[in-house]
There are 2 protein chains.
Amino acid sequence: MPSPPPTPETATASDRTATPAPGMPILAVDAMGGDSAPGMVIAGLDIAAERHPNARFEVFGDAVQIDELVRLSKRLRNRVSIRPTTEIIPNELKPTAALRLRDASLRRAIDAVANGEAAGVISAGNTGAMLALAKIVLKTMSGIDRPAMAAIGPSARGDVVMLDLGANVVCDARNLVEFAVMGELFARTVLGLPHPTIGLLNVGSEEMKGDETLRRAAEALRESPIGPQFRGFIEGHDIAGGTVDVVVTDGFTGNVALKTGEGALRLVGDLLRRVFSANIASRLAYLLARPGLTRLREWLDPRRYNGAVLLGLNGVVVKSHGGADAEGFAHAVDVAMDMIVNRFNDRIRDDLGRHADRERLASDAFRATPPASATSVTTG
Amino acid sequence: MPSPPPTPETATASDRTATPAPGMPILAVDAMGGDSAPGMVIAGLDIAAERHPNARFEVFGDAVQIDELVRLSKRLRNRVSIRPTTEIIPNELKPTAALRLRDASLRRAIDAVANGEAAGVISAGNTGAMLALAKIVLKTMSGIDRPAMAAIGPSARGDVVMLDLGANVVCDARNLVEFAVMGELFARTVLGLPHPTIGLLNVGSEEMKGDETLRRAAEALRESPIGPQFRGFIEGHDIAGGTVDVVVTDGFTGNVALKTGEGALRLVGDLLRRVFSANIASRLAYLLARPGLTRLREWLDPRRYNGAVLLGLNGVVVKSHGGADAEGFAHAVDVAMDMIVNRFNDRIRDDLGRHADRERLASDAFRATPPASATSVTTG
């Protein structure tokens, strides 16, 4: 059984902070990505640096600006290497055009992972460009067909991992199975769940059931080493309901579901703010209920869930929301650090090996015995 | 500009009640569908009967049970015709099996619409069976390729219509355009918006943009008679954000988005209940803020949004949630009545005619002038 999830009463902003491993995890940082870069990025690193005292940061971007900002932080001064770059990838730039900017801060930060100068990269910049650059520069891990974007969100039973969130608009059964394998390990690594449960997102009644791809993915998952953790098909309400720890879906559906859920939470938040500022009585009510309401707001705070990871590449790749503030960016750094210090990428290679072995055994067994249909003919 | 939407401060449970038209709208009712049928169904009709004083109900199911229940309601006694049936379609029954139950309450209620005995049908029973039966018995309206399921939900700017919610797991560009035409009229008919705006649900950044189908649907919508109301692509957060009045998407994505949003709202509701019952201070806070919180809860109440409609068939078809209570069922009856008294199906035929005319004109114009490429050659 998974350990009990944090409740709104007990959760704190540092729930997902990793215990730093011995050695020095090095993170490559794109200082120029995000709405308030580079100020927000360096302020975020300053917060994260306290939580990860052994971490070092290779920071790519405008050297003058970065230097000024880093000087303000006692914590960062000796742990940041400034790596000057001359180009910036704007938010609207198409990925194909971004590929040509060889000295862009984001490009150079990703190059640093490919060169072994850093174990992971983080950026709050152009998502499409980051996806394209990371795939081309870092390459997909052997044994994985397509990388997937994953993130953590709130649910009634604690945190829930969902993937893919938009890296692959169309997915086949093999992709979905690989997403499940990567998502399961991510939930163990970053959420610390010993045996995370997995669900495949589908639609309701029989007539409306999803297509062949989903049915084949479900079959393959049942036969796989993570079969005992697979809970079959789930529906949209199961995401926030906490029915499973890992929600697996294609990138189109996952992207829409993530943003729909965020939108619904924002709507209620806005309406609650209106209710509590309506008159004297409701303002007093807010003061009386403030401890609980504050914990609730902190627990649902999008900043606490900032940091989408691109799984399945040779290197840790974390995307912060472009509009994140320093606190949110620090959370995205936490996710990157958890993956680095817990050796996510080494472990995913082991897990993929187990899956490959199981498949090989299954097909060997099949070859060693006559097929079921032949048997039934001879015995019938 | 659309009229200002109801705000949580002004919305009431009867917002979507139609002004009854002269004449007698007749609704066929499946009394045996739903978790608490037939008691919940008849109690729901009793509530709805007060709001629709001219309506009559043809009620199909177990005559003895229905008769006992109807006797309890002064309002219903003279406005219900009991139509005895001998079979019930269970919730788990596959649509193909349901088709064989010729004397099922749901089947007979749908038959009544096909025979002209009623203008519409309502059921809280098996969704897949209702979809299949309605399509086979009532047939798709001429000019429509596929019917779509639509429903209303809450947004920051009032109510929002979304379709398809699961009738079609895979859709082509033509289907999406037809959904937009039907959804636009539904928003005018049931929400009373004079010029509802329309958005096509898609995913975020350039690299992740949806497929060819969505691009072609967007192009066709821009050229269509509702082009001026079309706002292009929207994302998941725009649904609750109220960016548009009508959200158009395929049935798989729509079903997941609807249930994801519902799940997120339920999560916050549950957590708020916990916050306000935690201790004496928070209970007092609840009492002080109760008027505002009650309005908010009523506004977000799933019962207020009960009643998914199947658009594009020869007849009004409304599906109530299986777990709805009498109040929720009455809301679903409201939706059916709005569509009947505002002649939704006659008007959709007119709108489809306008679309067909526009397409014919466009292709005539194309034939009358040389193609653009040829022109550019002769003038170049």
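Note on naming: letters A, B, ... go to the chains in the order of the sequence lines (proteins, then strands), and numbering restarts at 1 for each one.
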For each of Leu272(A), Leu284(A), Asp270(A), tally heavy-atom pairs with chain B at distances under 4.5 Å, and name the one with the top tally.
Leu272(A)
Of the backbone (N, CA, C, O) and the side chain (C-beta and beyond), which part of [X] lies under 4.5 Å from a heavy atom of chain A, both, or neither?
X         : answer
Leu201(B) : both
Ile239(B) : side chain
Tyr286(B) : neither
Ala278(B) : neither
Leu287(B) : neither

Donor-acceptor pair, [X] side chain versus [Y] backbone, under 3.5 Å?
X         : Y         : value
Asp238(A) : Gly241(A) : no
Arg157(B) : Gly242(B) : yes
Arg216(A) : Ala173(A) : no
Asn255(B) : Gly166(B) : no
Asn126(B) : Pro95(B)  : no

Side-chain heavy-atom pair Asp245(A), Val160(A) within 4.5 angstrom cut-off:
no
Go through [options] and name the one with the most non-hydrogen pairs under 4.5 angstrom from chain A.
options                         : result
Ser282(B), Ala257(B), Gly251(B) : Ala257(B)
Val170(B), Val256(B), Asp250(B) : Val256(B)
Leu288(B), Thr96(B), Leu300(B)  : Leu288(B)

Just verifying a value: how many Å separate Leu163(B) CG and Phe179(B) CZ, rounded to the nearest 0.5 Å?
6.5 Å
